[in-house]
2 protein chains.
Amino acid sequence: MRLTTKGRYAVTAMLDLAFHSDVKPVTLTDIAARQTISLSYLEQLFSRLRRANMVKGIRGPGGGYTLADTADKINIADIIAAVDEPIDATKCGGEANCQKDQSCLTHELWMGLSDQIRDYLKGITLAQLLEKHHVQTVAKRQDQEAEQVIEIHRHTELLASMNE
Amino acid sequence: MRLTTKGRYAVTAMLDLAFHSDVKPVTLTDIAARQTISLSYLEQLFSRLRRANMVKGIRGPGGGYTLADTADKINIADIIAAVDEPIDATKCGGEANCQKDQSCLTHELWMGLSDQIRDYLKGITLAQLLEKHHVQTVAKRQDQEAEQVIEIHRHTELLASMNE
DNA sequence: TTAAAGTTGACTATTTTGCTGGGTTAAGTA
DNA sequence: TACTTAACCCAGCAAAATAGTCAACTTTAA
């Protein structure tokens, strides 16, 4: 279990999704605007999230992403695991330096600790995070911000189409 | 609080140190041999650990490193914090993208989670890890292995000196 | 004094991050 | 049917982090 900015992005995006996907699918473009994450990077992350069956992609107009399950059944550990490479057998597995399994056992020590953190994060769901008060206030604020951005975007598009 | 291989190396090395430093200071060379971590990388890590007052360096022959405090007073969170860069103000702090503090509040959500993990790891000490049975068995096995390596090392040195 | 050990800094290679930009494909809508 | 909107899928790239190398220097026990 690693904890990096990549995982943070994924959790943030999933939380945004959980907050907005009740009514209709949410486009990555919207999430990108609200959370100021690049669209292409979001695509990469959601590609993994989709393959891990955390979200469902719906194509075409009116499409977007929805959670594959209810928010109370999606935990943080699974989100992070979905976007992170498994650290698979870093030096072990093969013969490499590790003579037989000796050095690998050292890793197991860390893994034990790592497992405990994983268990801890498994106990936290998106639903629990949504309940937090400040998450709601921030999300609402971001909605308002994003509307302005989309407004400007539409305006720009309009001007562009007039110049053609 | 990030969790990467860097932090894992540091925790592993500190645990090795805690296990061996009762009698006399432990050299990085020994830790490197036992834990198969490159000596130079260990030097970098211990440079930070020393500046964070986690360990004491003792120079000269018979020198090495010892814990700066007893094993029951050194927790995992502090070890990781010592070797990791603080993620200081990634995008926030300055004006950058974050309009005023809006986006920064999103980070606070994650930081809350991050703080909880930190608190959790603060509750785990080196002494607690040492008590675990399999840690002791592995450590002993590594001692035996390392002796063989040192044996071979001495043998090679001897041959080298004979060729001069 | 001298050699063993720690200490420091600069430098390199590799991997991971985060991102850009180019497409293709599926599904609604005019 | 044509067009649009979105997901999906690549290939590559720059910056950062990771992991390690090398060389010089300092301290101190023997």
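Letters A, B, ... are given to chains in the order of the sequence lines, protein chains preceding strands, and every chain is numbered from 1.
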**OP:** Mark up nucleotides 22-30 of chain C, 5' to 3', with B wherever a protein heavy atom is under 4.0 angstrom from a base atom, S wherever such an atom reaches only the sugar-phosphate, and - elsewhere.
**Re:** ---BSB---
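By the salt bridge (Lys or Arg N to Asp or Glu O under 4.0 Å) test, Arg50(A) pairs with no residue at all, sequence neighbours left out. Shown here are the salt bridge (Lys or Arg N to Asp or Glu O under 4.0 Å) partners of Asp69(B), two or more places apart in sequence or in another chain: there are none. Judged as a side-chain contact (heavy atoms from CB on, under 4.5 Å), and not counting sequence neighbours, the contacts of Thr70(A) are Asp72(A), Lys73(A). Considering only residues two or more places apart in sequence or on other chains, Lys122(A) meets the salt bridge (Lys or Arg N to Asp or Glu O under 4.0 Å) condition with Asp78(A).
Atom OH of Tyr65(B) and atom P of dA5(C) are 14 Å apart (whole Å). When rounded to the nearest whole Å, the span between CG of Leu49(A) and P of dC9(D) equals 14 Å. In this structure, CG of Leu39(A) is placed 15 Å from P of dC9(D), rounded to the nearest angstrom. The distance from atom NZ of Lys56(B) to atom P of dT7(C) is 13 Å, rounded to the nearest whole Å. Note: CG (Leu28(A)) to P (dC19(C)) measures 14 Å, nearest angstrom. What separates CG of Leu17(B) from P of dG6(C) is a distance of 11 Å, to the nearest Å. Atoms CG (Asp84(B)) and P (dA16(D)) sit 17 Å apart, rounded to a whole Å. The CG atom of Leu3(A) sits 17 Å away from the P atom of dT16(C) (whole-angstrom rounding).
Regarding contacts with the backbone of dC9(D), every side-chain N or O of Arg48(A) stays at 4.0 angstrom or more from both OP1 and OP2. Applying the 4.0 Å criterion to OP1 and OP2 of dA19(D), one finds that Tyr41(B) has a side-chain N or O inside that range. Side-chain N/O atoms of Tyr9(A) include none lying less than 4.0 angstrom from OP1 or OP2 on dT17(C). When the side-chain nitrogen and oxygen atoms of Arg2(A) are compared with OP1 and OP2 of dT17(C), one or more of them lie within a distance under 4.0 Å. Residue Thr4(A) has no polar side-chain atom (N or O) positioned under 4.0 Å from OP1 or OP2 of dT16(C).
Within the 4.0 angstrom heavy-atom criterion, base atoms lie near Ser40(A). Counting any heavy atom pair closer than 4.0 Å across all strands shown, Phe46(A) reaches no nucleic acid atom.
Heavy-atom distances to DNA chain C give each of Lys6(A) and Arg51(B) a nearest nucleotide, and the one nearer the 5′ end belongs to Arg51(B). In terms of position on DNA chain C, the residue among Gln44(B) and Thr27(B) whose nearest nucleotide sits closer to the 5' end is Thr27(B).
Using modelled atom types, one finds a donor on one side chain and an acceptor on the other under 3.5 Å when comparing Ser47(B) with Arg51(B). Donor-acceptor pairing under 3.5 Å is lacking for the side chains of Gln35(B) and Tyr9(B).
Checked by atom type and distance alone, the side chain of Ser38(A) pairs as donor or acceptor with a backbone atom of Tyr41(A) at under 3.5 Å.
Side-chain proximity of Arg50(A) to the nucleotides dC8(D), dG6(C), dT8(C) is greatest for dC8(D).
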Residues 53-68 of chain B side chain polar contacts: donor-acceptor under 3.5 Å, at least two apart:
none

